[in-house]
Amino acid sequence: MSSPTTKTTQFKIIFVLYSLLLGLLIGGIAAAFLALINFSTHLIWQVGYSHFNQPFYPLLVGLFGGLLVGLMQRYWGPYPKTMHETLSEFKQTGSVAYQQQVGKNIIAALVVLALALKPRSRPTSAA
């Protein structure tokens, strides 16, 4: 028969291992998402701009991004929810309904972040 001290120690070890595993998983997903944002921003604003080399390219990308955001608002409704709306829902119901919402969050974030963020050009050092 195992003592209560042994069970407590086993629980702590298992808890730490699960926490580490979950942290690694969530961190990996977040890093992959940020890498995807970085890649798409680079592709649209650096590669696309140099390929087309037109002064109105940022205007076209902004219009296309605005059109996509407008279509998402039309078909998905007022989405994504604001922090205030999310907290209000949590206070009223005790939870936040997220089923079938994760994909919408990812797509909305990709559209807004990739099409709306034009990276600043880096200053060149005078050598």
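Note that these values count all heavy atoms, side chains included, but never hydrogens, waters or copies made by symmetry. Keep in mind it's a predicted model, so treat the numbers as computed, not measured.
Listed by first and then second residue, the salt bridge (Lys or Arg N to Asp or Glu O under 4.0 Å) pairs involving residues 87-96 are Lys81-Glu89 (not counting sequence neighbours). Legend: salt bridge (Lys or Arg N to Asp or Glu O under 4.0 Å) pairs involving residues 99-109, not counting sequence neighbours: none detected.
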Donor-acceptor pairs under 3.5 Å, side chain of residues 64-75 to any protein atom, not counting sequence neighbours: which ones?
| residue | atom | partner | partner atom | Å |
| --- | --- | --- | --- | --- |
| Gln73 | NE2 | Tyr79 | O | 2.4 |

Atom pairs and distances, side-chain donor-acceptor, residues 19-35, under 3.5 Å, sequence neighbours left out:
| residue | atom | partner | partner atom | Å |
| --- | --- | --- | --- | --- |
| Ser19 | OG | Phe15 | O | 2.8 |

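Separation of atoms CG (Leu110) and CG (Asn105) is listed at 11.0 Å; rounding is to 0.5 Å.
Cluster annotation: Leu43 and Ile107 are assigned to distinct hydrophobic clusters (Ile/Leu/Val/Met/Phe/Trp/Tyr, side-chain heavy-atom contacts under 4.5 Å, transitive). Residues Ile37 and Val102 fall within the same hydrophobic cluster, defined by Ile, Leu, Val, Met, Phe, Trp and Tyr side chains chained together at heavy-atom separations under 4.5 Å. Side-chain heavy atoms closer than 4.5 Å link hydrophobic residues (I, L, V, M, F, W, Y) into clusters, and following such links, possibly through other members, connects Tyr49 to Phe52. In the hydrophobic clustering of this structure, Val96 does not group with Trp76; members are Ile, Leu, Val, Met, Phe, Trp, Tyr whose side-chain heavy atoms approach within less than 4.5 Å, directly or through other members.
Under the side chain to side chain contact (heavy atoms under 4.5 Å, CB included) criterion, Leu60 pairs with Phe56, not counting sequence neighbours. Ser95 meets the side chain to side chain contact (heavy atoms under 4.5 Å, CB included) test with Thr93; sequence neighbours excluded. Evaluation of the salt bridge (charged side-chain N to carboxylate O under 4.0 Å, His left out) rule for Glu85 yields no partner, not counting sequence neighbours. Contacts of Ser40 classified as side chain to side chain contact (heavy atoms under 4.5 Å, CB included), with partners at least two apart in sequence or in another chain: Ala114. For His84, the side chain to side chain contact (heavy atoms under 4.5 Å, CB included) test picks out Thr82, Ser88, with sequence neighbours left out.
Side chains of Thr86 and Phe90 form no contact here, defined as non-hydrogen atoms less than 4.5 Å apart.
In this pair, Tyr57 and Trp45 present their aromatic rings perpendicular. The plane angle is above 60°, beyond the 30 to 60° band.
Residue Gln54 qualifies as enclosed at atom CD: its count of foreign heavy atoms under 6.0 Å is above 12.
Nearest approach of Leu113 to Thr41, heavy atoms of both residues: O-OG1, 3.8 Å.
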